[in-house]
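Before any comments, here is the structure.
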Amino acid sequence: MYLDDLNPPQREAVEYGDGPLLILAGAGSGKTRVITHRLAHLVERGVRPWRILAVTFTNKAAAEMRERTTHLVGAEEARKLWIGTFHATCARLLRLTPEAAGLTRDFNIYDDDDQRKLVGGIMKELNFSGHLTPRAALSRIDQAKNEGITASEFSADDYLGDMVARIYVEYQRRLRAANAVDFGDLLLEVLRLTDDPEVGPQLRARFDHVLVDEFQDTNRVQFELVRRLAARGNLAVVGDDDQSIYSWRGADVKNIVDFERHHPGCRTIKLEQNYRSTQLILDAANAVIARNVYRKKKRLFTEHGAGEPIVYRLCPDERQEAADVVRAILTLVEDEGRQLGDVAILYRMNAQSRILEEALRAEGLPYAIYGSTRFFDRAEIKDVLAWLRVIANPADEISLLRIVNVPPRGIGDSTIDKVTLLARARGSSLWDAMRAAAGGAGTVPSRTRLNRPLPQSAPAQRGNDERSSNLSLFGAEHDWPSPSPSPSPSPSPDEEPTVDPGDGGAIALGSGPKKKLSAFVQLVDDLRAKREAKLSELVEEVLHRSTLVEALTAQGTAEAEDRLANLEELANSIADFEREALDPAEAGLTAYLERISLVSSTDVEGGGVSMMTVHAAKGLEFPVVFITGLEDGTFPLVREEEDRAAETQQLEEERRLAYVAITRARERLILTGAEHRRLFRQGNDDPFERRPSRYLADIPDHCIVRTGTRRVAPDARGYARIEPRGDGRYVEREDHGDHDETWSERTRARRAGASAPSAATGIRVDYEPSEDAADGFRVGQSVQHAKFGVGRVKTVSGSGASLKLVVDFPGQGAMTIVARFLQPL
DNA sequence: GTTTCCCGCTTTTTT
DNA sequence: AGCGGGAAAC
């Protein structure tokens with residue numbers, strides 16, 4: 001059967017029985033195949049599928065693993081397997097016994113935006129603003145969480161660290177008060193649960209076999225977590241130190257290097273034969289990664305033929321780069337019969353995707369972007385989601401604050417400030433305070449009260465003894481009590497309210513604001529009453545009763561139209577979600593919110609060109625791969641301010657990233673870069689000028705054909721461009737000129753209504769590399785200049801980086817053009 | 001008290 | 001290009 005198409009080491013990895021197993025799998029060595037076959041093998045051997053856990057890092061990798069496993073064992077069995085990202089898996093586990101972590105089943109998951117807002121608010125209240133940015137504080141908190149350091153354990157020797165420590169404690173307290181977790185908590189809480197006297201034993205006994213993909217990217221918490229979830233000792237990890245690209249998230253290559261030491265009796269299997277790429281692509285990848293010092297020496301081999309050479313193309317700017325990529329795709333489709341679905345465009349930063357997207361759209365080519373400025377990050381979408389989150393969990397303060405005046409309903413900052421004060425004074429949630437301030441009659445037994453304020457000293461978290469002890473823990477997940485209002489288990493010291501909740505007390509609202517607030521509270525209550533209704537109907541209600549749709553319709557601007565279309569798309573996606581859900585219980589509000597919190601991509605069906613960051617591409621492969629933005633400063637992306645020691649390490653990681661990118665390609669690899677790139681503000685010298693990526697120099701000449709536009713300078717204004725042929729055609733070039741104009745000047749000019757300056761000052765020439773022509777220029781060659789028309793080269797002098805052309809333009813005399821080549825191609 | 005407009009800052013990479 | 005903060009306009 002299917003074991004036949006495995007090579008001996010692969011086969012051993014698949015069939016290896018119980019106990020720890022380390023699979024060192026080079027890029028393209030059939031790693032996913034080994035994992036999926038191993039999963040299938042375990043199932044066939046009689047291991048119950050729901051007792052097998054397979055963990056990945058990205059949703060895309062998880063989806064692929066599930067799909068391929070489905071082919072092997074059938075949909076029914078595959079569905080029972082636990083396959084997912086670390087975070088999705090932990091969210092799922094946490095929902096089984098949320099009380100053990102001080103949460104309710106409807107807990108919300110805060111994304112980084114929510115996190116930042118929360119930290120920002122805390123810093124303001126603690127008067128820490130100005131000393132450090134919320135972003136910086138959050139980054140240290142996240143870092144701590146990656147290392148498993150809780151708020152109470154956090155300490156730092158610098159004075160900023162002391163601030164962070166206080167912020168961290170308060171942040172954690174507020175998160176729990178909001179019945180919310182952040183990404184780090186998902187892992188940390190589950191890790192903590194494995195030690196829990198009640199839940200822990202069952203959690204640790206839950207899985208018979210655990211498999212971890214991309215183990216080189218695990219951080220400390222993930223490493224520990226995996227060990228505990230694989231308490232039976234049947235832990236198989238797969239990884240490759242050359243593909244470690246998540247050190248910024250706390251990943252530690254030591255986890256894989258020391259795996260054998262931590263797991264006595266571990267069997268180690270190496271997979272070194274590459275089945276993915278052609279020899280030339282592999283040569284290039286090997287050459288690039290070989291320059292890293294901190295790595296285990298290894299060399300992949302393949303039995304594939306040399307294949308097509310890699311192509312590098314240097315383009316004048318990012319706009320032209322995008323156009324060239326699209327043109328190359330069209331050529332591949334027309335001349336080689338490639339499918340669009342075979343093609344992936346990779347880039348270092350999401351910011352690069354927009355222009356590529358525009359170029360694809362201009363040609364009408366279908367595409368799917370994975371990650372990027374996510375659909376769910378758009379303001380109007382986040383508004384709707386915030387509504388839904390409040391409906392699911394009104395304790396969610398961040399979401400509540402977001403929607404309270406969206407669309408504008410006359411509840412401004414001052415009203416909110418007062419209600420916030422009231423909430424703090426009463427020690428209640430903001431939502432309860434709103435209800436009180438609105439004059440709503442008394443105490444609705446709201447489940448939000450369950451979120452007891454944690455004791456000021458955070459260590460209490462551990463000995464969490466408030467947990468109701470009669471919870472049937474594992475195994476009872478399916479008949480979990482429905483989220484109907486349950487009496488608050490919280491022993492929250494029903495402290496004397498400093499403010500009389502009924503009458504607003506010391507903090508008085510005027511009658512106007514009070515009325516408005518009351519209408520809002522009523523609205524949320526009405527919507528909450530429907531939270532068990534069909535999701536799509538609930539969303540319809542939210543869209544209209546919140547007047548989100550009406551407000552946008554009233555605006556009538558093109559932008560509002562866009563936003564409405566997005567809302568429509570959201571409604572469609574929700575309908576899809578409902579339809580796809582196999583189990584109606586999985587189609588509810590909470591399930592939906594969880595999914596969109598953890599899934600970054602819109603996961604459009606294939607058929608189009610795939611676009612994603614290199615990070616997102618990890619674990620995937622494509623017949624045709626474009627790697628764009630190959631310039632120093634873009635890829636590798638280096639930040640100036642970093643100290644030198646860190647820079648070396650960063651550059652090594654960037655190199656691994658390049659290695660990952662190159663090894664995604666099966667048959668064709670096309671590299672592109674731009675001489676000028678408009679990307680925020682970079683250094684202060686010439687912000688737009690780039691040098692080709694240093695990795696290009698590492699790729700041996702036999703692997704690669706270097707082509708591209710060459711820059712000729714200076715012309716009257718801007719630069720002229722020379723386009724190499726190859727297909728016998730000239731290509732029109734337009735110079736956008738004025739590269740020294742600053743970004744803000746340009747923005748201002750555009751806002752003032754001025755059109756962007758664009759000077760057409762290009763020249764076109766025949767470019768045919770040959771022995772006798774200096775850099776491809778020959779006397780007698782014809783040249784076309786945008787302003788002066790067609791001319792003829794009279795003399796060529798100089799060579800290498802700089803040469804001088806005298807061009808005769810009939811009727812206008814000769815003109816000297818100095819060609820300066822910044823970098824040999 | 002609320003809304004709106006304008007300025008300045010920001011972005012690596014993912015869950 | 002998008003967002004938050006601050007100041008001026010409603």
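A note on names: the letters A, B, ... follow the listed sequences, proteins ahead of strands, and every chain is numbered from 1.
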Open item on the list: At less than 4.0 Å, is any side-chain N or O atom of A/R135 found next to OP1 or OP2 of B/dC9? Yes or no.
Closed with: no

Open item on the list: Please confirm whether the shortest side-chain N or O distance from A/N59 to OP1 or OP2 of B/dT15 is below 4.0 Å.
Closed with: yes

- [ ] To the nearest Å, give me how far apart CZ (A/R595) and C1' (B/dT15) are.
- [x] 15 Å

TODO: Using distance alone, with no hydrogens and no angle criterion, decide if A/E214 and A/Q216 have a side-chain donor and acceptor under 3.5 Å apart.
DONE: yes

TODO: Verify the contact: side-chain N or O of A/N146 to OP1 or OP2 of B/dT15, cut-off strictly under 4.0 Å; return yes or no.
DONE: no

TODO: Establish, from distance only, whether the side-chain atoms of A/Y659 and A/N292 form a donor-acceptor pair under 3.5 Å.
DONE: no

Open item on the list: Using heavy-atom distances to pick each residue's nearest nucleotide on DNA chain B, tell me which of A/L657 and A/N405 is more 5'.
Closed with: A/N405

TODO: Report which part of the nucleic acid A/F57 touches: base, sugar-phosphate, or nothing (heavy-atom distance under 4.0 Å, all strands).
DONE: sugar-phosphate

- [ ] Answer with base, sugar-phosphate or nothing: what part of the nucleic acid does A/K618 contact at a heavy-atom distance below 4.0 Å?
- [x] nothing

- [ ] Please determine, for the side chain of A/W248, which listed nucleotide (B/dT12, B/dG1, B/dT13) has the closest atom?
- [x] B/dT13

Task: Parallel, tilted or perpendicular: ring planes of A/W387 versus A/F520, cut at 30 and 60 degrees - done: perpendicular

Open item on the list: Does B/dG1 have its OP1 or OP2 closer than 4.0 Å to a side-chain nitrogen or oxygen of A/K514?
Closed with: no

TODO: Provide, to the nearest angstrom, the distance between the CG atom belonging to A/D217 and the P atom belonging to B/dT12.
DONE: 19 Å

Task: Residue-phosphate contact under 4.0 Å: A/T613 side-chain N/O, B/dT14 OP1/OP2 - done: yes

Open item on the list: Would you say A/T415 places a side-chain N or O within less than 4.0 Å of OP1 or OP2 belonging to B/dT2?
Closed with: yes

Task: Sugar-phosphate, base or nothing in reach of A/D182, heavy atoms under 4.0 Å - done: nothing

Task: Rounded interatomic separation in angstrom, taking CD from A/Q352 and C1' from C/dA1 - done: 16 Å

TODO: Tell me, please, which residues at least two apart from A/K516 pass side chain to side chain contact (heavy atoms under 4.5 Å, CB included).
DONE: A/I411

Task: Shortest side-chain distance from A/R354, nucleotide among C/dA1, B/dT13, B/dT15 - done: C/dA1

TODO: State, without any angle test, whether A/D213 and A/T56 hold a side-chain donor-acceptor pair at a distance under 3.5 Å.
DONE: no

Task: Whole angstrom value for the distance that separates C1' of B/dT14 from CD of A/Q115 - done: 12 Å

TODO: Could you verify whether a donor N or O on one side chain and an acceptor N or O on the other, from A/D185 and A/Q172, lie under 3.5 Å apart?
DONE: yes

Task: A/L138 CG - B/dT15 P separation (whole Å) - done: 17 Å

Task: For atom CZ of A/F635 and atom P of B/dT11, their distance in whole Å - done: 21 Å

TODO: Report the distance from atom CG of A/D111 to atom P of B/dT13, rounded to the nearest whole Å.
DONE: 15 Å

TODO: Would you kindly compare A/T58 and A/I411 by the position of their nearest DNA chain B nucleotide and give the one closer to the 5′ end?
DONE: A/I411

Open item on the list: Please tell me if A/N350 has a side-chain N or O lying less than 4.0 Å from either OP1 or OP2 of B/dT11.
Closed with: no

Open item on the list: Quick check, does A/Y246 stack with B/dT13? I mean ring centres under 5.5 Å and planes off by under 30°.
Closed with: no

Task: Distance, rounded to the nearest Å, where A/M349 contributes CE and B/dT13 contributes P - done: 7 Å

